[in-house]
Amino acid sequence: VNQLVKSIKNLIQYYMYFDKDLAIERHLRIFPIIIVNDKALQTPLMAEIFNDRFKELLSDIHKPNYQIYSLTLIHISELERLELTLASKKASIWDILASHYKNEIIPPFYNTVNKYFGRLNYPDRVMKRFEKLIEDYQPKKTPNKT
């Protein structure tokens with residue numbers, strides 16, 4: 001979060017070094033994202049915790065001509081799910097991100113992906129394999145000896 005805030009501050013202060021055509025005086029939308037590889041960071045309210053810290057660190061930034069959205073945590077698997085859709089231009093990443101911020105509390109990003117593309121459906125053979133694995137690794141009940 002600290003690195004992201006520093007990057008945003010650098011972008012605002014030194015925008016001319018990033019892109020000489022970037023019109024910082026015009027309305028600019030900034031979508032802060034942290035890509036994660038830990039499923040635990042996808043749990044509900046985790047994004048809210050990170051966003052609270054993000055807002056705290058951004059509190060000293062004057063924002064006259066740009067809008068900084070809430071922080072989004074995206075698991076790498078969600079990007080993989082979006083890859084073909086984005087590559088085929090069936091949806092814009094900006095539309096998907098903008099729709100993500102419509103709630104008062106920031107939902108896990110997989111909720112937004114599910115709204116756009118439906119729940120991830122695994123093939124029957126995969127589900128049968130998971131069911132078998134779960135069955136095989138269930139603790140065995142021992143009979144009561146009296």
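The model shown is predicted, which means the values in this text are computed figures rather than measured ones.
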At their closest point, which heavy atom of [X] faces which heavy atom of [Y], and how far apart are they?
X	Y	result
Ser70	Pro32	O-CG, 3.7 Å
Asn37	His75	C-NE2, 3.6 Å
Ile35	Ile33	CD1-CG2, 3.7 Å

Interatomic spacing from [atom1] in [X] to [atom2] in [Y] - rounded to 0.5 Å:
X	Y	atom1	atom2	result
Ile96	Ile74	CD1	CD1	9.0 Å
Gln67	Ile30	CD	CD1	9.5 Å
Asn51	Leu58	CG	CG	9.0 Å
Asp38	Met46	CG	CE	8.5 Å
Ile49	Leu41	CD1	CG	10.0 Å
Ile12	Tyr66	CD1	OH	3.5 Å

With Phe109, the side-chain contact (heavy atoms from CB on, under 4.5 Å) member among Leu97, Val36, Leu73: Leu97
Qualifying residue, where the test is side-chain contact (heavy atoms from CB on, under 4.5 Å) with Leu57 and the options are Leu71, Val5, Asp52: Val5
Verdict with reasoning, Ile76 to Glu80, per side-chain contact (heavy atoms from CB on, under 4.5 Å): CA-CA 6 Å; Ile76 191 74; Glu80 291 169 352; 4.3 Å; yes
Contact check, side chains of Phe54 and Leu4, non-hydrogen atoms, under 4.5 Å: yes
Heavy atoms of other groups near Lys6 NZ, more than 12 under 6.0 Å: no
Stepwise side-chain contact (heavy atoms from CB on, under 4.5 Å) check, Val1 with Phe50: CA-CA 7 Å; Val1 175; Phe50 275 76; 3.6 Å; yes
